[in-house]
Peer 1: 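Sending over a structure as structure tokens; questions will come in a sec.
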Amino acid sequence: MCNQDHPQAGPDSSSTTARELAAPRAFGRRTLFGAAAVGGVAMASSVTAAHFMAPTAAAVTAPQVHSTGDWGAEPPRQTLQTLYYRPTYIAIHHTTYPNTTDHSLSQAYARARQIQRDHFARNFGDSGQQFTISQGGHVLEGRHGSLAAVRNGSRFILGAHAKGHNSEAVGIENDGLYTAALPSEPQWKSLVTFVAYLCQQYRVPVSKIVGHRQLSSTECPGDLFYANLATLREHVQIVLDGGPVSPPPEGGTPPGDENSWSILKSGSTGFRVKSLQYLLRQRGHDLVVDGSFGPKTDGAVRAFQDWADLTVDGVVGPKTWPKVVLTARQGDEGDHVRGVQVGLGGRGFATTVDGQFGPGTHGKVEAFQDSRDLVVDGVVGPITWSSLMARG
């Protein structure tokens, strides 16, 4: 599941810092979407600044949440830490378990037990996330004590779901794999309602509903789900304002769609070929970056396709591109960053091609994402790569 980086995700229950034992923090007015920073990442403005924060009056009825006792959780194997202040973020995850049409409560209980067993195997003290939402829309307490804490509204249980940010985020696992699919309608609606309840109880503005990848180096919560987080925030705000729960967005183009990626092959030239050559160099292939798809580039592509268990045809299209690109973010360095910088230049957002993903490159990435109506986070994942390397 998405918690693959969490054995060192700390602090978990066995590690406590002064920050975690701090007194409850005052909650000030903060703008809803515009310029909302998450670990140095700015999110795109999607709602008017008239919305500042979740209402303090109880407007969202507490949804049904199945406790750890309901689904037969084992007792924690470590002492769990209670943090006596409100979280800053609500972190959205996906479990990466296969999607299922079994929407029963028994399936939800079985998945919760599986998650806990998997997390015990990773030396977690309990399930890493505070809550889980099944594909059938059943909301479950994940980590012991989390349900009582959210009902209280002024404390939460320290989890192990977002490396470096566990002491400031409550995590929600959405069962399923959402790289090229969105949650089912019952799962989406339950997520919207439950997140609205969390925002209300913890006074968290919807701008602080974030994807796991905004807090840690990961692809979670999946590319297509992540691309629709702005819609999730909008739907949550509607519920906080007393409106109805909306269904999930329809459709969506997953990364790798044949209509998004360019097609490169022997004889191709241009900035996309340069970016490809840098990506292949980052993956260990000895190439001169000249923007010309010649015999050496063809050989490197075929070798990579063989390594990646793809059809070996020397054509870089919707099957090969998603395998060869590498996620890049601020602080990274290397040839894959040069590939990003060349791609930005080819799209009219020129920056120095030095292999250093610094503030300048970060700003150009955000500007490009904004121009393409993408999530503005400064992270070059498969969706941003597909726009950089698109046809035309």
Peer 1: Give a yes or no on whether Gln114 atom CD has more than 12 heavy-atom contacts from other residues, nucleotides or ligands under 6.0 Å away.
Peer 2: yes
Peer 1: Does Glu141 reach the main-chain N or O of Ser146 with its side chain, forming a donor-acceptor pair under 3.5 Å?
Peer 2: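 A pair under 3.5 Å: yes.
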Peer 1: Do Asp175 and Ser134 have a side chain donor and acceptor closer than 3.5 Å?
Peer 2: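 Absent: no donor and acceptor within the cut-off.
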Peer 1: Is any side-chain heavy atom of Gln116 closer than 4.5 Å to one of Asp126?
Peer 2: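 Result yes, sub-4.5 Å side-chain heavy-atom pair found.
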Peer 1: Should the pair His66 and His138 be assigned to parallel (<30°), tilted (30 to 60°) or perpendicular (>60°) ring geometry?
Peer 2: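 Rings of His66 and His138: perpendicular, as their planes differ by over 60°.
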Peer 1: Side-chain contact test, heavy atoms from C-beta onward, threshold under 4.5 Å: evaluate it for Ile263 versus Pro318 and give yes or no.
Peer 2: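 They are in side-chain contact.
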Peer 1: Would you find a donor on one side and an acceptor on the other, under 3.5 Å apart, between the side chain of Trp71 and the backbone of Arg113?
Peer 2: no
Peer 1: Using the rule given for side-chain hydrogen bond (donor to acceptor under 3.5 Å, both in side chains), can you reason through Thr297 versus Gln277, listing the C-alpha separation, both sets of side-chain angles and the distance that settles it, and then say yes or no?
Peer 2: CA-CA 7 Å; Thr297 299; Gln277 290 168 330; 3.0 Å; yes
Peer 1: Under a 3.5 Å threshold, yes or no: a donor from one side chain and an acceptor from the other, between Asp102 and Ser104?
Peer 2: yes
Peer 1: Atom NZ of residue position Lys189 - does it have more than 12 heavy atoms of other residues, nucleotides or ligands inside 6.0 Å?
Peer 2: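 Count over threshold, so yes.
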Peer 1: With side chains defined as the heavy atoms from C-beta onward, is the minimum distance between Asn174 and Pro221 less than 4.5 Å?
Peer 2: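 The answer is no; the side chains never approach within 4.5 Å.
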Peer 1: On the ring face of Phe120, is Arg77 found with NZ or CZ under 6.0 Å from the centre and within 45° of the axis?
Peer 2: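 Judged by the rule, Arg77 and Phe120 form a cation-pi pair.
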Peer 1: If I compare all heavy atoms of Val325 with all of Arg283, which pair ends up nearest, and what's the gap?
Peer 2: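 Here Val325 and Arg283 meet closest at O-NH2, 3.5 Å.
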Peer 1: Look at the side-chain heavy atoms of Ile, Leu, Val, Met, Phe, Trp and Tyr, link any pair under 4.5 Å apart, and say whether Leu232 and Ile238 land in one connected group.
Peer 2: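 No: no chain of side-chain contacts under 4.5 Å links Leu232 to Ile238.
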Peer 1: Aromatic rings Phe156 and Tyr202: how do their planes relate, parallel, tilted or perpendicular, breaks at 30° and 60°?
Peer 2: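 Perpendicular: the ring planes of Phe156 and Tyr202 meet at over 60°.
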Peer 1: Does the side chain of Leu388 come within less than 4.5 Å of Arg347's, by heavy atoms?
Peer 2: yes
Peer 1: Does any non-hydrogen side-chain atom of Trp321 lie less than 4.5 Å from one of Leu279?
Peer 2: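 They are in side-chain contact.
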Peer 1: If only side-chain N and O atoms count, and only distance matters, is there a donor-acceptor pair under 3.5 Å linking Thr218 with Ser216?
Peer 2: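 No donor-acceptor contact under 3.5 Å links the two side chains.
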Peer 1: Could you please spell out the steps behind the salt bridge (Lys or Arg N to Asp or Glu O under 4.0 Å) verdict for Asp335 and Arg338?
Peer 2: CA-CA 5 Å; Asp335 278 326; Arg338 291 185 177 90; 3.0 Å; yes
Peer 1: Would a distance-only check, ignoring hydrogens and angles, find a side-chain to backbone donor-acceptor pair under 3.5 Å from His336 to Gln282?
Peer 2: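 Absent.
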Peer 1: Yes or no on side-chain contact (heavy atoms from CB on, under 4.5 Å) for His144 and Leu80, after CA distance, side-chain angles and deciding distance?
Peer 2: CA-CA 8 Å; His144 285 78; Leu80 303 183; 3.9 Å; yes
Peer 1: Show your working on side-chain contact (heavy atoms from CB on, under 4.5 Å) between Gln341 and Thr361 and close with a plain yes or no.
Peer 2: CA-CA 7 Å; Gln341 292 165 334; Thr361 298; 3.1 Å; yes
Peer 1: So, Gln107 and His103: side-chain donor and acceptor under 3.5 Å apart, yes or no?
Peer 2: no
Peer 1: Within the 4.5 Å heavy-atom criterion, are Arg213 and Cys220 side-chain neighbours or not?
Peer 2: no
Peer 1: Taking the six-membered ring for Trp and the full ring for Phe, Tyr or His, determine whether the centres of His161 and His212 are under 6.0 Å apart.
Peer 2: no
Peer 1: Report yes or no: is the cationic atom of Arg111 (NZ for Lys, CZ for Arg) under 6.0 Å from the centre of the six-membered ring of Tyr97, at an angle within 45° of the ring normal?
Peer 2: yes
Peer 1: Report yes or no: do Thr320 and Gln305 form a side-chain donor-acceptor pair below 3.5 Å?
Peer 2: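 Yes.
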Peer 1: Run the salt bridge (Lys or Arg N to Asp or Glu O under 4.0 Å) test on Arg302 and Asp306 for me, step by step, so that the C-alpha distance in whole Å, both residues' side-chain angles and the decisive distance to 0.1 Å come before the verdict.
Peer 2: CA-CA 6 Å; Arg302 290 174 186 271; Asp306 183 57; over 6 Å; no
Peer 1: Indicate the atoms forming the closest heavy-atom contact of Pro322 with Trp261, along with that distance.
Peer 2: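 Looking at all heavy atoms of both residues, the closest pair is CG-NE1, 3.8 Å.
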Peer 1: Could you walk me through whether Thr96 and Tyr178 pass side-chain contact (heavy atoms from CB on, under 4.5 Å), step by step?
Peer 2: CA-CA 7 Å; Thr96 74; Tyr178 298 117; over 6 Å; no
Peer 1: Mark yes or no for whether Glu219, through its side chain, and Thr179, through its backbone, hold a donor-acceptor pair below 3.5 Å.
Peer 2: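 A pair under 3.5 Å: no.
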Peer 1: So, do Leu198 and Val150 sit near enough that their side-chain heavy atoms are less than 4.5 Å apart?
Peer 2: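 Heavy-atom side-chain distance check passes, below 4.5 Å.
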Peer 1: Taking all non-hydrogen atoms of both residues into account, name the closest pair between Leu310 and Lys323 and its distance.
Peer 2: CD1-CG, 4.0 Å
Peer 1: Within a strict 4.5 Å, meaning less than it, do heavy atoms of the Leu229 and Ile209 side chains meet?
Peer 2: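 Side chain of Leu229 against side chain of Ile209, heavy atoms only: no contact under 4.5 Å found.
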Peer 1: Angle class for the Trp188/Phe225 ring planes (parallel below 30°, perpendicular above 60°, tilted otherwise)?
Peer 2: tilted
